[in-house]
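Keep in mind that what you see is a predicted model, and the values were worked out from it rather than measured. Ligands are counted one by one from 1 in listed order, and the atoms in each one are counted from 1 as well.
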Amino acid sequence: MRRFAETCEAVAATTKKNEKVRLVSAYLGSLPLTDAARAAVFFTGGAFPRCEEKVLAVGGSLIWQAVRRLAELDSDTMAEVYRKHGDLGAMAEEVLQNRTAPGGLSLGEVAAAFEELANCRGSAQKLVLVEELLRRTEPVVAKYIIKIATGELRIGLKENLVEEAIAQAFNRPLEQVRRASMLTGDIGTTVRLAAANELAAAPLRLFHPIGFMLASPAETPAEVLENFPAGVLVEDKYDGIRAQAHKSGQKVMLFSRTLDEIVEFPELFAPLAALPGEFILDGEILAWRDGRPLPFTELQKRLGRKQPDLWLSHEIPVSFVVFDLPYQDKEPLLDAPLAERRQRLGLLLDGPRATQLKLAPMGFCASTEELQRAFDAALARGHEGVVAKARESLYTPGRRGRFWFKLKQPLGTLDVVVTAVEYGHGKRRGLLSDYTFAVRDKDGLVTIGKAYSGLTDVEIRQFTDYFLNHTIEDQGFRRRVEPTVVLEVAFNNIQRSSRHESGYALRFPRIVRLRPDKSVEEIDTLERVRELYEKQAPERADGA
Ligand code: AMP
């Protein structure tokens, strides 16, 4: 791990892309394969490969506490160092400088510690693990462990440069490396494939799931059409389980978004096996009865059952609504435009087929009015919204690009009050830009989320001054502030969480506007959060 950290230091020290690539490539090339695979993942600034969707859930304040305990420093000194760097990792490196640490932590040990952290619930336990991990290592390594844990290395190394480094280290064509990384959603696996010279052949094999193409969120029809002035293809947005069906001969397998096998819906196998040829289909499994989708809660009852339950499958019948065809009859169609893939898909599903297999209807919208109408019609049919797709979009596995946009009704908004603020990073370093906010409960305020986006730079600057003057407690990295600033936040859904005092967390919260017209007594309550939580489809098992 020390050499990993030193390589990162060298990469950060140069602005030249070629030099960065050379450094990473030389380092990767010098490692045993298992370590090279781990290091490649870490170089992308993550503890785990993209396809795993595992999270460490180690927040800034937890790291702050762990470092503080190790450095045995008071908050003020830590805060001063933090402000100088605007980066927790760099702060840790400086404040831990005088400790004599054993060093010698290997990449494998760090990877194992990340696994353990991801599997462990509860911040007290996580704190102990983080402290132990950092205790075992020298300052520069601690710095990079923290950077990976917080999700960003900030050494000017993006995934595409890591891909270039892999191509260079193993002397393989860059295009092949990029494609493999895209298909597997795992830069570590890509390293292994590159080393074995299997980049070209390996990824698109039937019965080996590929990453799903994802859609970016859009707020309004107008925002969607800005990206597609000439109009856009539109499908319903289905609220089920995204699934990929692989079929050859009589063999059929279904895979989930996390690329795990789905075994709960055996009634889909025969209809898929009856279709001609070999293929990979992409679509959504929905509970479906009498021509309409059933709520996600119904579908959920069938999840996690390894043994078929005849009564349940009769009670909650499912359909597979298909919207894409990334592979057919030995031909990868990833580079074919969507319009062509859809045409082939139409032909494939054209003949007689079981009712459980449905072709997702597709329309075309050229104006915001048309798109709004399509959206309303989708809701009326019992779906979540629409997905707008560029006619020419290629199938890019595992990527959330600007070719597919999802438009769905926000679950709602909440009026909340800011209770703590933190310093931002990069452009926002030195500014109090990250807001922890709370709702009302009978005994006071309980935190429910943290938002970074939605305010203008000018507003953030003004609020920085305001919060500096309305601090209740300066915790260095963070300030508890007087609960006076009321915000309206939107979010995608609500999850149960032990991270916040309310026991809930908002997913993808963003600030919609300031509510200077509201006082803290008028903000939303925990009761309303519970209601919204009950109203939505329960927590998604497929991570969608
Ligand atoms: P969300 O759950 O809001 O993040 O939406 C993303 C999910 O929408 C994807 O992972 C898919 O499972 C799902 N989805 C539903 N309908 C479609 C569609 N027509 N095209 C692509 N993805 C879809």
With rounding to the nearest 0.5 Å, note down the distance linking CZ in Phe269 to CG in Leu254.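 Result: 4.5 Å between the selected atoms.
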Is the shortest distance from a Lys or Arg side-chain nitrogen in Glu340 or Arg344 to a carboxylate oxygen in the other one below 4.0 Å? yes
Minimal non-hydrogen separation, Pro293 against Leu286, with atom names: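 Nearest heavy atoms, Pro293 then Leu286: CB-CD1, 4.4 Å.
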Winner among Arg507, Lys389, Met362, Lys237 once heavy atoms are compared against atom 7 (C) of ligand 1: Lys237
Under 4.0 Å, heavy atoms only, figure out whether ligand 1 is touched by the backbone of Tyr238, its side chain, both or neither. both
Report the part of Lys408 (side chain from C-beta onward, or backbone N, CA, C, O) that has a heavy atom under 4.0 Å from ligand 1; answer both or neither where that applies.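 Looking at Lys408 and ligand 1, just side chain atoms fall under 4.0 Å.
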Would you say Phe265 has more than 12 foreign heavy atoms packed within less than 6.0 Å of its CZ? yes
Using a 4.0 Å cut-off to any heavy atom of Arg257, which atoms of ligand 1 qualify?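 With Arg257 as reference, the close atoms of ligand 1 come out as 9 (C), 10 (O).
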Distance filter under 4.0 Å to Glu235 heavy atoms, resulting ligand 1 atoms: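 Matching atoms, with element in brackets: 18 (C), 19 (N), 20 (N).
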Please assess Asp87 against Lys147 for the test salt bridge (Lys or Arg N to Asp or Glu O under 4.0 Å), listing each intermediate value before the final yes or no. CA-CA 8 Å; Asp87 180 285; Lys147 279 170 171 277; 3.3 Å; yes
Trp404 versus ligand 1: do any nitrogen or oxygen atoms come within less than 3.5 Å of each other? no
Can you check whether Glu384 has an N/O within less than 3.5 Å of an N/O in ligand 1? no
Would you check whether Asp236 reaches within less than 4.0 Å of ligand 1, judged by its heavy atoms? yes
Per the salt bridge (charged side-chain N to carboxylate O under 4.0 Å, His left out) rule, what does the pair list look like for residues 364-374, sequence neighbours excluded? none
